[in-house]
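Structure first, then comments.
Quantities reported herein were computed from a predicted structural model and do not represent experimental measurements.
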Amino acid sequence: SKRRCKARVRLALPQVQRAPREYGNDVAGVVSPGNVVTTGAVTVDGIRSPLLQAGPPRAREAVVFVHGNPGCSHDWEDLLGRIGEFGRAVALDMPGFGRADKPADFDYSVQGYARHLHVALIELGVERAHLVGHDFGGPWALAWAAQQPSAFASAVLISTGVPVGYRWHALARVWRTRLLGELFMATTTRPGFRLLLRRGQAKPLPRPFVDRMYDDFDWGTKRAVLKLYRATDPRMLNTLVPILSGLDRPALVVWGRRDPYMGVEQAELQRHSFPSAEIVVLDHCGHWPFIDDPQRVGDTVIPFLRRQLAA
């Protein structure tokens, strides 16, 4: 049975003691520059999360990629392969997204996702994590980090973090409204989805990227999105700020100036949680900088993570 946490972000993370397993070595999935990205899966409480890995599969220290809404592990293929040249990198499909299981009774909340990540990392033998988060993947990962400070090494926050004084964007307000959110989901079409993702973009996102997201945007994902947004109050995440700021882990914040969902002013506000953060704003990028300008993002993120893994 799944245990629900009564406290806001005081997660009752299970203490799992088991031998680490090897995943991601069975099938070669994607060949990225300089490295092979392999596929696998990890199962937590009966919920299967497909994953991508690169680099030494038994390393106890890893860069851990956490996608957002409506992403999946494949968002990170380019960065994953490049990091595999000098360290272990792991990316999961989180419950309700991508090709992960999408059960109706999963705890689709920040707390629920943090618990899933916690056990998945134990299963994968990751004892020290350098987090890379995007969108809702930031709060999921940072909620885990606040509860596991000894395992939390550094953070790369791409259009995400702990929101400060944040007000929901228009689409989130629709999703948070009962019946209206369900109506939106029921009437979403592929052309409409493509049009929606044009918002804030200097140029359209690549068609294969958008179509892959839409192909994964089945009713299980739609249900997960509605439950997640309705379970989340940005103000409750403020309890993470004093914990994270006290740790002051190395952090890199990357933001698209044209982001219509998380305004660029939030980039500088991440210093509340990471006082020593490096902040990079990309003028011509929207909410997905790693897709809009993969070269610039890679040239920013890779040296930062190389330094952290060498520390």
Practice task
Go through the steps for Val90 and Phe65 under the test side-chain contact (heavy atoms from CB on, under 4.5 Å), then give the verdict.
Solution key: CA-CA 6 Å; Val90 179; Phe65 291 90; over 6 Å; no
Practice task
Report yes or no: do Asp299 and Gln295 form a side-chain donor-acceptor pair below 3.5 Å?
Solution key: yes
Exercise for the section: Please confirm whether Arg306 makes a cation-pi placement over Phe86, using NZ or CZ under 6.0 Å from the six-membered ring centre and within 45° of the ring normal. Expected result: yes
Problem - Test salt bridge (Lys or Arg N to Asp or Glu O under 4.0 Å) applied to Arg48 and Asp101, step by step - result: CA-CA 6 Å; Arg48 182 179 182 273; Asp101 290 343; over 6 Å; no
Practice task
Measure up the His287 and His134 rings against each other and bin them: parallel (under 30°), tilted (30 to 60°), perpendicular (over 60°).
Solution key: tilted
Practice task
Quick one: pull up NE2 in His116 and CG in Leu92 and give me the separation to the nearest 0.5 Å.
Solution key: 6.5 Å
Exercise for the section: Given side-chain contact (heavy atoms from CB on, under 4.5 Å), test Val64 with Leu124 step by step and report yes or no. Expected result: CA-CA 11 Å; Val64 178; Leu124 292 167; over 6 Å; no
Problem - Salt bridge flag under 4.0 Å for residues Glu182 and Arg230 - result: yes
Problem - From Thr232, Asp233, Leu240, Leu142, residue fulfilling side-chain contact (heavy atoms from CB on, under 4.5 Å) relative to Val110 - result: Thr232
Handout entry: Charged N-O contact under 4.0 Å between Asp211 and Arg194
Key = yes
Practice task
Check the side chains of Arg88 and Gln53 for a donor-acceptor pair under 3.5 angstrom, ignoring hydrogens and angles.
Solution key: yes
Exercise for the section: For Ser245 and His272, test the side chains for any donor-to-acceptor distance below 3.5 angstrom and give the result as yes or no. Expected result: no
Practice task
Would you tell me whether Asp248 and Ser276 have side-chain atoms, one donor and one acceptor, within less than 3.5 Å of each other?
Solution key: yes
Practice task
Answer yes or no: is there an ion pair linking Arg271 with Glu268, defined by an N-O contact shorter than 4.0 Å?
Solution key: yes
Practice task
Starting at CG of Leu252, measure out to OG of Ser154 and round the result to the nearest 0.5 Å.
Solution key: 9.5 Å
Problem - Lys203 bridged to Asp292 by N-O distance under 4.0 Å - result: no
Exercise for the section: Could you check Tyr261, Trp168, Phe184 and say which one makes a ring pair (Phe, Tyr, Trp, His ring centres under 6.0 Å) with Tyr229? Expected result: Trp168
Exercise for the section: Inspect the contact between Glu265 and Arg167 and indicate whether a charged nitrogen and a carboxylate oxygen are less than 4.0 angstrom apart. Expected result: no
Exercise for the section: Verify ring-ring contact (aromatic ring centres under 6.0 Å, His included) between Tyr108 and Phe97, making sure each step is shown before the conclusion. Expected result: CA-CA 11 Å; Tyr108 292 105; Phe97 294 93; 7.8 Å; no
Handout entry: Inter-residue atom distance Leu117.CG - Tyr113.OH, 0.5 Å rounding
Key = 12.0 Å
Practice task
Apply the test side-chain contact (heavy atoms from CB on, under 4.5 Å) to residues Phe290 and Asp78: give CA-CA distance (whole Å), side-chain angles for both, the deciding distance (0.1 Å), then the verdict.
Solution key: CA-CA 9 Å; Phe290 50 91; Asp78 177 60; over 6 Å; no
Exercise for the section: Determine, stepwise, if the pair Asp75 / Arg212 fulfils salt bridge (Lys or Arg N to Asp or Glu O under 4.0 Å). Expected result: CA-CA 10 Å; Asp75 292 356; Arg212 191 200 70 222; 2.4 Å; yes
Exercise for the section: Establish whether Leu269 and Val280 are linked, either directly or via other cluster members, by ILVMFWY side-chain heavy-atom contacts under 4.5 Å. Expected result: no
Practice task
Decide whether Trp288 and Phe217 are clustered together by the hydrophobic rule: side chain heavy atoms of Ile, Leu, Val, Met, Phe, Trp, Tyr closer than 4.5 Å, transitively.
Solution key: yes
Practice task
Could you go through the side-chain contact (heavy atoms from CB on, under 4.5 Å) check for Arg99 and Asp216 one step at a time?
Solution key: CA-CA 7 Å; Arg99 299 305 171 91; Asp216 289 339; 2.8 Å; yes
Exercise for the section: Determine, using ring centers only, whether His67 and His74 are less than 6.0 Å apart. Expected result: no
Handout entry: CG-CE distance between Leu228 and Met94, expressed to the nearest 0.5 angstrom
Key = 10.5 Å
Exercise for the section: State the CZ-CZ distance between Arg223 and Phe106, to the nearest 0.5 angstrom. Expected result: 12.0 Å
Exercise for the section: Decide whether Val174 and Trp219 are clustered together by the hydrophobic rule: side chain heavy atoms of Ile, Leu, Val, Met, Phe, Trp, Tyr closer than 4.5 Å, transitively. Expected result: yes
Exercise for the section: May I ask you to check whether Asp135 and Thr160 show a side-chain donor-acceptor distance below 3.5 Å? Expected result: no
Handout entry: Partner of Phe152 under side-chain contact (heavy atoms from CB on, under 4.5 Å), chosen from His130, Arg128, Arg249
Key = Arg249
Problem - salt_bridge(Arg190, Asp215) N-O dist < 4.0 Å - result: yes
Problem - Rounded distance [0.5 Å steps], CD in Gln147 versus NE2 in His118 - result: 9.5 Å
Handout entry: Arg198 atom CZ, over 12 foreign heavy atoms within 6.0 Å
Key = no
Practice task
Examine Phe209 and Leu196 and state if one hydrophobic cluster contains both, with Ile, Leu, Val, Met, Phe, Trp and Tyr joined whenever side-chain heavy atoms are less than 4.5 Å apart.
Solution key: yes
Handout entry: Asp93 and Ser49: CA distance, side-chain angles, deciding distance, side-chain hydrogen bond (donor to acceptor under 3.5 Å, both in side chains) verdict
Key = CA-CA 5 Å; Asp93 282 8; Ser49 284; over 6 Å; no
